[in-house]
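The structure appears right after this line, and notes come after that.
Residue indices begin at 1 and follow the sequence shown.
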Amino acid sequence: MGDTALEAVLRRDRAVVMAALVVIAVLAWAYVLWLAATMVMPGSPLPDGGGGDMAGMDMAGMDMGAAMAPGFRPWALGDFAFTFTMWAVMMVGMMTPSVAPMLLLYAGVGRKARADGRPIASTGWFFAGYLAVWVVFSLLATGAQWLLARLALLDPSMETGSAILGGLVLIAAGLYQWTPMKGVCLRQCQAPIAFLAGRGGFRSAPLGALRLGIDHGAYCLGCCWALMALLFVGGVMNVLWIAGIAILVLLEKTVPTGQLIPRFSGALMAAIGIWIVFQAF
C-alpha cells in the first residue's frame, strides 16, 4: 500500500472512531438530560401518583422531621441499580471526549500495524478497559450517594444540603489539584505517546490491550476523581454543573498548558470553599 493510500485509510479510520465516540457521548448525554428532566431520584419524596399524595396523609401521626428530610425514603435494590446506571452512563458522557486523542492515536497505529503485517488488538479492547475503571468508580459513587442520602446530607436534587460539607469538598478538591499525584496522573493523560512508550507500546493480544486501557483509565481516575466529587456540591443532576466539570476535565487533558489550568482552578475552588465555610458560621 502506497503512502498516499495509507494516509487516506488512516484518515478514514480516525473519522470512523471519532464518529463512534460522538455517538456514544451524545447517547450518554441524552440519557443524562432525560434523567435531569424527570428528576425522580432514589431517596427523594415520591411525586404525586407514586404514593406521594400528601393531601390524603394523616399528618398528625407523622414524624415531620423524617418526612421533610432529604432522602427519607429507604433505597431498594432497584434504586441502587438505577443510580449506578445513572453514574456509569454519566461517566461515559463526561470522559469519552477527553480520551478521544488516545483512541484516535490507537486507531491510526492499529491500521498501520495491520498494513505492515503486525496487527495489534482492536481499539475496542483498550476502550473497554478504560471504561471498566469508570464503571468501578460509578459503583463507589453510588455507595457514596446512598450514604449521604441516608445521613440526610443530600436534597432531592442530589445536592448537598450542608454548606459546610459543600465548602469542605470544594477545599479538598482544590487542594488536590496542587498535589504531586494529580500532576503525575495528568501528565500521563496529556501525553498518550509517552504513556504508551513507558509501557512497551501497543498490545497484540486483546487481554493485553484491555489491561493497557485499565492502566490508562486508572491514571485518568487519579487525575479526575476529586473533580467528580464536586457533583455532590452542585447537584448530581445539575446539567450545567456536569457540563462545566466535563469541560474542565477536557481542557486539563488537551490544552498544552502543563499544570496551569488545574492549579488555577484548584486555587479558585479552595477560595470559594473557604468563603462558603466562613459564611456558614
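Of the possible donor and acceptor atoms, none in the side chain of T96 sits under 3.5 Å from a partner among the backbone N and O of G93.
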Sequence neighbours excluded and cut-off under 3.5 Å, please list the side-chain donor-acceptor pairs for residues 219-231, or say none.
from, atom 1, to, atom 2, distance (Å)
Y219, OH, R199, NH2, 2.7
W225, NE1, Y176, OH, 3.2

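Both M102 and I193 are part of a single hydrophobic cluster, where members link through side-chain heavy atoms under 4.5 Å apart. Hydrophobic clustering (ILVMFWY, side-chain heavy atoms < 4.5 Å, transitive): W134 and L139 are in one cluster. A single hydrophobic cluster is not seen to contain both L186 and F264; linkage of ILVMFWY side chains at heavy-atom distances under 4.5 Å, directly or through other members, places them apart. A single hydrophobic cluster is seen to contain both M90 and V249, as judged by linkage of ILVMFWY side chains at heavy-atom distances under 4.5 Å, directly or through other members. At a threshold of 4.5 Å between side-chain heavy atoms, the hydrophobic network of Ile, Leu, Val, Met, Phe, Trp and Tyr places L151 and W75 in one connected group.
Interatomic distance, F84 CZ to Q145 CD, rounded to the nearest 0.5 Å: 13.0 Å. Between T160 atom OG1 and L165 atom CG the span is 4.0 Å, to the nearest 0.5 Å. How far CG of L207 is from CG of L212: 12.5 Å, rounded to the nearest 0.5 Å. Atom CG of L251 and atom OG1 of T257 lie 8.5 Å apart (nearest 0.5 Å). In this structure, CZ on F126 lies 8.5 Å from CG on D215, to the nearest 0.5 angstrom. In this structure, OG1 in T142 is found 11.5 Å from CG in D79, a value given to the nearest 0.5 Å.
Looking at Q259 and W178, their side chains never bring a donor and an acceptor atom within 3.5 Å of each other.
In this structure, F232 and L148 have side chains that are in contact, with non-hydrogen atoms separated by less than 4.5 Å. V236 has its side chain within reach of M86: a pair of non-hydrogen atoms, C-beta onward, lies under 4.5 Å apart. The shortest side-chain heavy-atom distance between T85 and V89 falls under the 4.5 Å cut-off. Counting heavy atoms from C-beta on, the side chains of W125 and R203 never come closer than 4.5 Å.
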Please assess Q177 against M269 for the test side-chain contact (heavy atoms from CB on, under 4.5 Å), listing each intermediate value before the final yes or no.
CA-CA 9 Å; Q177 293 285 85; M269 291 173 204; 4.1 Å; yes

Could you go through the side-chain contact (heavy atoms from CB on, under 4.5 Å) check for L196 and L105 one step at a time?
CA-CA 10 Å; L196 292 167; L105 172 65; 3.8 Å; yes

Apply side-chain contact (heavy atoms from CB on, under 4.5 Å) to the pair L131 and M91, showing each step before the final yes or no.
CA-CA 9 Å; L131 291 181; M91 290 302 101; over 6 Å; no

Stepwise salt bridge (Lys or Arg N to Asp or Glu O under 4.0 Å) check, E252 with R263
CA-CA 10 Å; E252 283 187 353; R263 289 184 175 177; over 6 Å; no

Residue pair Y130, I214: steps toward the side-chain contact (heavy atoms from CB on, under 4.5 Å) verdict
CA-CA 5 Å; Y130 178 86; I214 291 173; over 6 Å; no

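A perpendicular orientation is assigned to the rings of F137 and W87, their planes being inclined by more than 60° (bins at 30° and 60°).
For K253, there are no salt bridge (Lys or Arg N to Asp or Glu O under 4.0 Å) partners two or more places apart in sequence or in a different chain.
Here the closest non-hydrogen pair linking P262 and S265 is O-OG, 3.0 Å. Closest approach of V133 and G217 over heavy atoms only: CG1-O, 3.5 Å. Summarising the geometry of T254 relative to L250, their closest heavy-atom pair is OG1-O, 2.6 Å, with the distance given to 0.1 Å.
Heavy-atom contacts from other residues, nucleotides or ligands closer than 6.0 Å to CG of L268 number more than 12.
In this structure, I164 belongs to a hydrophobic cluster whose other members, linked by side-chain heavy atoms under 4.5 Å apart, are L168, I171, L175, I274, V277, F281.
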